[in-house]
Amino acid sequence: MKRIKIKELLSSTEKGKEVLVKGWVRTKRGSKNIIFIALNDGSTINNIQVVADVSLFDAEMVKNITTGSCLSVQGILVESEGKGQNVEIQAFSIELYGTCDSETYPLQKKGHSMEFLREIAHLRPRTNTFGAVLRIRHAMAFAIHKYFNERGFYYLHTPVITGSDAEGAGEMFHVTTLDLTNIPLNKDGSVDFSEDFFGKQTNLTVSGQLEGELGALALGEIYTFGPTFRAENSNTPRHLAEFWMIEPEMAFYDLTDNMDLAEDFLKYLIRYALENCSEDLQFLNNMINKGLLDRLQFVISNDFIRLTYTEAVEILEKASRKWEYPVGWGRDLQAEHERYLVEEHFEKPVILTDYPKSIKAFYMKQNDDGKTVRAMDVLFPGIGEIIGGSQREEDYTRLLNRIRELGLPEKDLWWYLETRKFGTAPHSGFGLGFERMIVFITGMANIRDVIPFPRTPKNAEF
RNA sequence: UCCUCAGUAGCUCAGUUGGUUAGAGCAACGGACUGUUAAUCCGUGGGUCGCCGGUUCGAGUCCAGCCUGGGGAGCCA
């Protein structure tokens, strides 16, 4: 007999047919005559109830059906006599694939703290919460590819290992095959990377953007979606050392086109989740974050507020409250400032544009005022910056001058600069932190709980 | 990295001005129960009080250092 997944089974209307299901036991209840097993196979947050007449089965086997054990069950799909489920399986054959010692199995029928579950990340996908989060995470990854594919964007695979340290987005992890107990040195005492695998110093990427631009200036519209690494000593609920990022890059888009895409993209993902993950979202709304569904609905049914950095600073200066960090034109906005704008002043997602060039990256297009660049940050409630992007500087001379002003390694960027020499084009792009998006959509409080195996300072277990 | 709070049973926590044998709820285990929904009822077992020093007749409790975790900040997606 062919195995049927529980998700399919629960929507089945064919009562009285023989079925085969396989899954893990969530709970077992019952008396000495009859037992009820809640079985879950990960296909849905819902369990199928297996009803077994104890007299039909080996007593030792029945005793070994405990929370966490794995079963293969054959039976008849019937209408449930009890409340709480429409259908259930009247079992006539049970095979115990894997026992699960109840004295040492850490997952209980009761709820657990997120901190405890993080310590057992190998088992936490078996909980309702992480099952829901991981299914939603999958759906979002799929929706991202679907969205871009339907709009003619090409998925570009940018390198994970990079020889450039000019991306300027934070500390990098080194990649080397050198013997760390016997490092070859130059005469001046610096490391001789000519002996290393690539013959030069290499790192894990902090962004695929620069290579993404190369793709956009050939294919028109591209996106990247891959892992990204930051060796920052960041210990917050919003940071990971290894995370996934989506970076679309588009030729012939100005900053407004860029903002339109970002807003449409975010709303599409939320809408996709609401339409395709309703049971998981309902569970998270009930158990993890009460206002979740309302917040998601609110975001898709309202326009994001768009204003310039300069306008934002004026609002903050007029605000009747004390700031821990001073507000002033030219200073970067602090978390408290962004939170005020998003969560109190506008109470909507906000897109800030045209930041002072001194606080933004070298590749952003310089405005004619000589002071600001065509940057955009999308700020979300509870998350802060979820997207950072810009129109890129397409003028060779202005870009080169900016690189020299900032003292960046010009010769490492020769290939990037050549795109501005050979058929340059106006273009734009942005980066979306995948896990930050999942945090928003699931209502989870900590980014470490929306990735299966989080990598953070002092933590690379599993 | 800085500020702050915490670490006691498998989990979540209580533990008085330092005092004799460290507690509760849940879980687990044993038993009862003919249909349960985080089942219910009765019973049982379970502790290197994060680690290492110090003060003291005596430390879960006080002090110092370290480790781990939470929250906030910085860095950023």
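Among the atoms of the strands shown, none is found under 4.0 Å from any heavy atom of Thr67(A). Here Glu324(A) lies out of heavy-atom contact (under 4.0 Å) with every strand. Ala38(A) comes within 4.0 angstrom of no nucleic acid atom, judged by non-hydrogen atoms across all strands. Here Lys63(A) lies in heavy-atom contact (under 4.0 Å) with sugar-phosphate atoms only. If you check every strand for non-hydrogen atoms under 4.0 Å, Phe243(A) touches a base. Heavy atoms of Ser102(A) sit under 4.0 angstrom from primed sugar atoms or phosphate atoms, though from no base atom. When heavy atoms are screened at a 4.0 angstrom cut-off, Tyr325(A) is found touching the sugar-phosphate backbone but no base atom. Note on Ile387(A): only backbone sugar-phosphate atoms sit closer than 4.0 angstrom, heavy atoms only; bases stay farther off. Residue contacts for Asn235(A): at a heavy-atom cut-off of 4.0 Å it reaches a base atom on one of the strands shown. When heavy atoms are screened at a 4.0 angstrom cut-off, Leu240(A) is found touching base atoms of the nucleic acid. If you check every strand for non-hydrogen atoms under 4.0 Å, Gln108(A) touches a base.
Look at the C1' atom in both C49(B) and C13(B): the space between them is 13 Å, to the nearest Å. Comparing the P positions of G15(B) and A9(B) gives a spacing of 15 Å, expressed to the nearest Å. Comparing the P positions of U20(B) and A64(B) gives an interatomic distance of 25 Å, to the nearest angstrom.
In terms of modelled atom types and a separation under 3.5 Å, the side chain of Gln90(A) and the main chain of Ile76(A) share no donor-acceptor contact. No donor-acceptor pair under 3.5 Å is formed between the side chain of Asp264(A) and the backbone N or O of Asp260(A). Looking at Arg436(A), its side chain does come within 3.5 Å of a backbone N or O of Glu385(A) through a donor-acceptor pair. Proximity of a side-chain donor or acceptor of Arg135(A) to a complementary backbone N or O of Ser43(A) within less than 3.5 Å is not detected. No side-chain donor-acceptor contact under 3.5 Å links Asn285(A) to the backbone of Leu281(A). Looking only at distances, a side-chain donor or acceptor of Arg137(A) sits under 3.5 Å from a matching main-chain atom of Val450(A). At distances below 3.5 Å, not a single donor-acceptor pair connects side-chain atoms of Asn149(A) with backbone N or O atoms of His145(A). Not one N or O on the side chain of Gln85(A) forms a donor-acceptor pair closer than 3.5 Å with the backbone of Ser80(A). Counting only distance, with no hydrogens or angles, the side chain of Arg124(A) and the backbone of Pro452(A) share a donor-acceptor pair below 3.5 Å.
Dashed line: the shortest gap from a side-chain N or O of Ser113(A) to OP1 or OP2 of U12(B) is under 4.0 Å. Within the structure, a side-chain polar atom (N or O) of Arg448(A) is placed less than 4.0 Å from OP1 or OP2 of G70(B). Remark: Asn446(A) is in phosphate contact with G71(B), judged by side-chain N or O atoms under 4.0 Å from OP1 or OP2. Distances shown here put every side-chain N or O of Arg29(A) at or beyond 4.0 Å from the OP1 or OP2 atom of U36(B).
In this model, a side-chain donor or acceptor of His239(A) finds a partner on the base of C76(B) within 3.5 Å. In the interface, the side chain of Ser234(A) is paired with the base of C75(B) through a donor and an acceptor atom under 3.5 Å apart.
Note: CD (Glu232(A)) to P (A73(B)) measures 17 Å, nearest angstrom. Look at CH2 on Trp323(A): it is 13 Å from P on G74(B), rounded to the nearest Å. If you take CZ of Arg26(A) and C1' of A39(B), they are 18 Å apart, rounded to a whole angstrom. As a whole-Å value, the separation of Asp53(A) CG from G35(B) C1' is 12 Å.
Map His112(A) and Ser31(A) each onto its nearest nucleotide of RNA chain B; the residue landing nearer the 5' end is His112(A). For the pair Lys32(A) and Ala335(A), nearest-nucleotide mapping onto RNA chain B gives the more 5' position to Lys32(A).
Looking at residues 80-101 of chain A, you'll see Ser80(A), Glu81(A), Gly82(A), Lys83(A), Gln85(A), Glu88(A), Gln90(A) sit with a heavy atom under 4.0 Å from some atom of RNA chain B.
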| remark: Annotated structure of RNA chain B as dot-bracket, pair cut-off 3.5 Å, Watson-Crick or G-U only, | for inter-strand, is (((((((..((((.....[...)))).(((((.......))))).....((.((..]....)).)))))))))....
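For Met287(A), the CE atom is loosely surrounded, since the number of other residues' heavy atoms within 6.0 Å does not exceed 12.
Between Tyr340(A) and His345(A), the angle of the ring planes lies from 30° to 60°, which puts this pair in the tilted group.
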